[in-house]
Amino acid sequence: MTTEHKPKPLPFIANFAAGAIAGISEILTFYPLDVVKTRIQLETGKTQHGLVGTFRNIVKQEGVGRLYRGLAAPLMLEAPKRAVKFAANDFWGKTFMNMTGESKMTQQLSILTGCSAGATESFVVVPFELVKIKLQDKKSTYAGPIDVVKRVLAKEGPLGLYAGMESTFWRHVYWNGGYFGTIYQIKALLPKPTSKQSELLNNFVSGSIGGFCGTVLNTPFDVVKSRIQGTEKIPGVTPKYNWTYPAIATIAREEGFGALYKGFVPKVLRLAPGGGVLLLVVEFTLDVFRKALGPPYI
């Protein structure tokens, strides 16, 4: 009888580092699509330029460099953001398994774990997301990330950096729940890997499908987040987009249900393969750590 080998559990810092490396790899590869996505989401009304039209307009009117406008903020963010995502997923997974007495992950626990990791991640990302949205906006007059922070602090105080916290919370809860829940299900359906190459392929396929499902679930919340964070606060005036679910209803009523999926194409083109890249790099990096710390399996 053969004994099934399990990957060696790793310390928090290893999961944190693997997530950081994966996040930076993903953002450097797919960032221009994020700029296009934000531009489409900030367009109000029923007129949409679409992926190709928006991309072409940015390059023609503002230059290729504009596709990397605001890159510093997500680069600074990606290390802690993705690190927190995968480290929190590992932490909550172990916590919920201990609480329920399960010896291995289940579909329900993978969704709960993903949602909890997303909630944890959301508290880290809000100021960075705010800076990124302010710089990506076509009407942006900010000189750079530091200028955004200085002007927001001067005008709104420290809490101004957390504009859109509630919508960011829901965006990450839905994406991570869909992402990690789908990964669990797809891995169960795929043929059992027989080599390191087939294992990496399974990770890429399941991560890509997970990224697609997470994007389908969270795009309306991402649209609202972009609107909330892209709006300049006027003293004494209640913002049109303030709270997540009322804002979703407002956009659907005024612009049609399809407006809740503005920017979906560039977003899914980034986050579907991006989700695959994330999982692929994370698992590869964790395997390197396991080998460096001794036998990779127990």
For [X], does the [atom1] atom sit with more than 12 other heavy atoms under 6.0 Å from it, leaving out its own atoms?
X	atom1	value
Lys155	NZ	yes
Leu189	CG	yes
Leu153	CG	yes

With a 4.5 Å heavy-atom cut-off, do [X] and [Y] have their side chains touching?
X	Y	result
Pro127	Tyr162	yes
Glu254	Lys240	yes
Glu283	Asn202	no
Phe204	Val277	yes
Val224	Tyr241	no
Met165	Ser122	yes
Phe180	Thr113	no

Establish whether [X] and [Y] are linked, either directly or via other cluster members, by ILVMFWY side-chain heavy-atom contacts under 4.5 Å.
X	Y	value
Leu286	Leu201	no
Leu190	Phe212	no
Trp170	Phe264	yes
Val223	Phe257	yes
Val282	Ile209	no

Item to check | Test: Arg227 and Glu255 ion pair at under 4.0 Å | outcome: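 Counted as a salt bridge, because a side-chain N and a carboxylate O are separated by less than 4.0 Å.
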For the atom pair [atom1] ([X]) and [atom2] ([Y]), what is the distance rounded to the nearest 0.5 Å?
X	Y	atom1	atom2	answer
His172	Tyr179	NE2	OH	14.0 Å
Trp92	Met99	CH2	CE	8.5 Å
Thr182	Ile111	OG1	CD1	7.5 Å
Phe96	Leu109	CZ	CG	8.0 Å
Arg56	Ile58	CZ	CD1	12.0 Å
Thr250	Tyr245	OG1	OH	14.5 Å

Next on the checklist: Looking only at the aromatic ring of each residue, does the gap between the centers of Trp175 and Phe221 stay below 6.0 angstrom?
Outcome noted: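 No: the rings miss the under 6.0 Å criterion.
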Looking at every heavy atom in both [X] and [Y], which two are closest together, and how far apart are they?
X	Y	value
Ser110	Met105	N-SD, 3.4 Å
Thr244	Ser167	OG1-CA, 3.1 Å
Ala163	Leu130	CB-CD1, 4.2 Å
Ser208	Pro273	OG-CA, 3.9 Å
Leu200	Leu280	O-CD1, 3.0 Å
Phe169	Ala119	CE1-CB, 3.4 Å

Next on the checklist: Given Arg171, which partner from the list Asp222, Asn176, Asn218 fulfils the side chain to side chain donor-acceptor pair (under 3.5 Å) test?
Outcome noted: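 Looking at Asp222, Asn176, Asn218, the match for Arg171 under the side chain to side chain donor-acceptor pair (under 3.5 Å) is Asp222.
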Any donor-acceptor pair under 3.5 Å linking the side chain of [X] with the backbone of [Y]?
X	Y	answer
Glu156	Leu161	no
Asn57	Gly53	yes
Tyr261	Val216	yes
Ser206	Asn203	yes

Checklist entry - Taking it one step at a time, do Thr141 and Arg151 satisfy side chain to side chain contact (heavy atoms under 4.5 Å, CB included)? => result CA-CA 11 Å; Thr141 60; Arg151 287 164 65 175; 3.1 Å; yes
